[in-house]
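Contents: one structure, followed by commentary.
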Amino acid sequence: MRQQNLTVLTEFILVGVTRHPQLQLPMFAVFVVIYMITVVGILGLIILTRADSHLHTPMYFFVRHLAFIDLGNSTVIYPKMVANFVVDQNTISYYACATQTAFYILFIISEFFILSVMAYDRYVAICNLLYNVIMSQKLCYVLTGIPYLYSAFQSLMITSKIFLSTFCGSNVISHFYCDNVPLIPLLCSNAREIELLIIIFSAFNLISSLLVVLEFYMLILTAIFRMNSVEGWKKAFPTCGSHLTVVVVFYGTLLFMYLQPKSAHSFETDRMTSVFYTLVIPMLNRFIYSLRNKEVKNVFRVFMKLSKLCI
């Protein structure tokens, strides 16, 4: 009987962000604005930190990579999601769904470990006088390359396991983009194995990266208390403030989503939480690294003055 339900899927139907038709147009406008602000903010930050030689430091090297990851994460999901607000049926082709899943996994895992690398960078900046010697260009490339390779391996493994398995029954995905977890109920084969794999890797990625961040911040706090001076605190807050804010917002959102009791879960809350960490957080990250950072603000003021002189 099971074999009779097997189907060769050519497309999936996405449930979308909301089930209320009257909210479609307002949400379309809101998400277009947020996405445009995110893209302009990210590209602006990347250009500023590349254009000014004072910002050619390891810290801004990692900030640019975080910005690239945020841009990738938002772009993989939101152009398609926004387009679906103005069509009758939210469909996505089989191969587009596989591509979206692969790139989403790649970017989200990369973000975990780039934030961990940035915590190490902040630790070296505060606790070691030879910061520029230790954080050489070669080491920076290695520290960013390893997370990308690891996340690419995991992305290919999970995506290939899902899309090389057999789908049966419904082709409706209970989400507004193709994510690995909502695809599991649609599988006829290997569903339990893939689900277990996703749980193990997700737990490892979240816990290990968070522990690394916490460990380095504990070491930073210990070093500051040993300094026993106001100068130590003055050095720590500008150095760590932006990164710590990003970490709290990012991990706080994920922990809120994953640690909720099942009874507290609802369609709307889960979608809004997903919207927050895939679109709102990338937008907030740009404001955090711009408005809370004197160096970026100074470079921005110089560029604004130059642009006025040119006009």
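- Residue Val172 forms a side-chain contact (heavy atoms from CB on, under 4.5 Å) with just one option from Leu186, Asn90, Val15, and that option is Val15.
- Summarising the geometry of Pro182 relative to His175, their closest heavy-atom pair is CG-CD2, 3.7 Å, with the distance given to 0.1 Å.
- The environment of Lys161 atom NZ is sparse: at most 12 non-hydrogen atoms of other residues, nucleotides or ligands sit within 6.0 angstrom.
- Taking the six-membered ring where the residue is Trp, Tyr150 and Phe113 present perpendicular rings, their angle passing 60° and hence far from 30°.
- The backbone N or O of Ile109 sits nowhere less than 3.5 Å from a side-chain atom of Gln154 that would complete a donor-acceptor pair.
- Between Phe163 and Tyr95, the gap from one ring centroid to the other reaches at least 6.0 Å.
- Shown here for Cys97 and Ile173, the closest heavy-atom pair between the two residues is SG-CD1, 3.9 Å.
- Within 6.0 Å of CD on Gln22 lie more than 12 heavy atoms contributed by other residues, nucleotides or ligands.
- The side-chain contact (heavy atoms from CB on, under 4.5 Å) with Thr101 is formed by just one residue from the set Leu183, Leu106, Ile158; it is Leu183.
- Ile77 approaches Tyr104 most closely through the heavy-atom pair CD1-CD1, 3.7 Å.
- Checking side-chain atoms of Thr159 against main-chain N and O of Ala98 turns up no donor-acceptor pair under 3.5 Å.
- A donor and an acceptor atom, one from each side chain of Tyr78 and Thr38, are nowhere located under 3.5 Å apart.
- When all heavy atoms are compared, the tightest approach of Ser165 to Ile194 is OG-CD1, 3.5 Å.
- Between the side chain of Ser136 and the backbone N or O of Asn132 there is no donor-acceptor pair closer than 3.5 Å.
- Between the side chain of Arg122 and the main chain of His243, no donor-acceptor pair closer than 3.5 Å is present.
- Within 6.0 Å of CD1 on Ile199 lie more than 12 heavy atoms contributed by other residues, nucleotides or ligands.
- Not less than 6.0 angstrom separates the ring centroid of Phe250 from the ring centroid of Tyr277.
- Taken from OG1 in Thr49 to CZ in Arg64, the straight-line distance is 4.5 Å, to the nearest 0.5 Å.
- For Tyr141 and Phe61, the distance between ring centers is under 6.0 angstrom.
- Side chain of His56 to main chain of Arg50: a donor-acceptor pair is present (N/O by atom type, distance under 3.5 Å, no hydrogens or angles).
- A side-chain N or O of Tyr131 and one of Asp121 form a donor-acceptor pair less than 3.5 Å apart.
- Residues Phe112 and Phe153 share a single hydrophobic cluster, defined by chaining ILVMFWY side chains whose heavy atoms lie under 4.5 Å apart.
- Side chain of Ser74 to backbone of Leu71: no donor-acceptor contact under 3.5 angstrom is found.
- One N or O on the side chain of Ser160 and one on the backbone of Met157 form a donor-acceptor pair closer than 3.5 Å.
- Taking the ring centroids of Tyr123 and Tyr217, they lie at or beyond the 6.0 Å cut-off.
- Aromatic ring centroids of Phe216 and Tyr120 lie under 6.0 Å apart.
- Between the side chain of Asn205 and the backbone N or O of Phe201 there is at least one donor-acceptor pair closer than 3.5 Å.
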Stepwise side-chain contact (heavy atoms from CB on, under 4.5 Å) check, Val86 with Phe28: CA-CA 8 Å; Val86 291; Phe28 169 80; 4.0 Å; yes

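- Under the 4.5 Å side-chain heavy-atom criterion for Ile, Leu, Val, Met, Phe, Trp and Tyr, Leu156 and Phe107 are members of distinct hydrophobic clusters.
- Heavy atoms only, all atoms of each residue included: Pro147 and Leu143 are closest at CD-O, 2.9 Å.
- Judged purely by distance below 3.5 Å, without hydrogens or angles, the side chains of Thr75 and Tyr35 pair a donor atom with an acceptor atom.
- Between the side chain of Ser151 and the backbone N or O of Tyr148, at least one donor-acceptor pair lies under 3.5 Å.
- A donor-acceptor pair under 3.5 Å is absent between the side-chain atoms of His65 and the main chain of Thr144, judged by distance alone.
- Counted by atom type alone, Tyr251 and Ser209 present one or more donor-acceptor pairs between their side chains at under 3.5 Å.
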Test log, rule side-chain contact (heavy atoms from CB on, under 4.5 Å), inputs Phe85 and Met27: CA-CA 8 Å; Phe85 277 123; Met27 281 191 168; 3.7 Å; yes

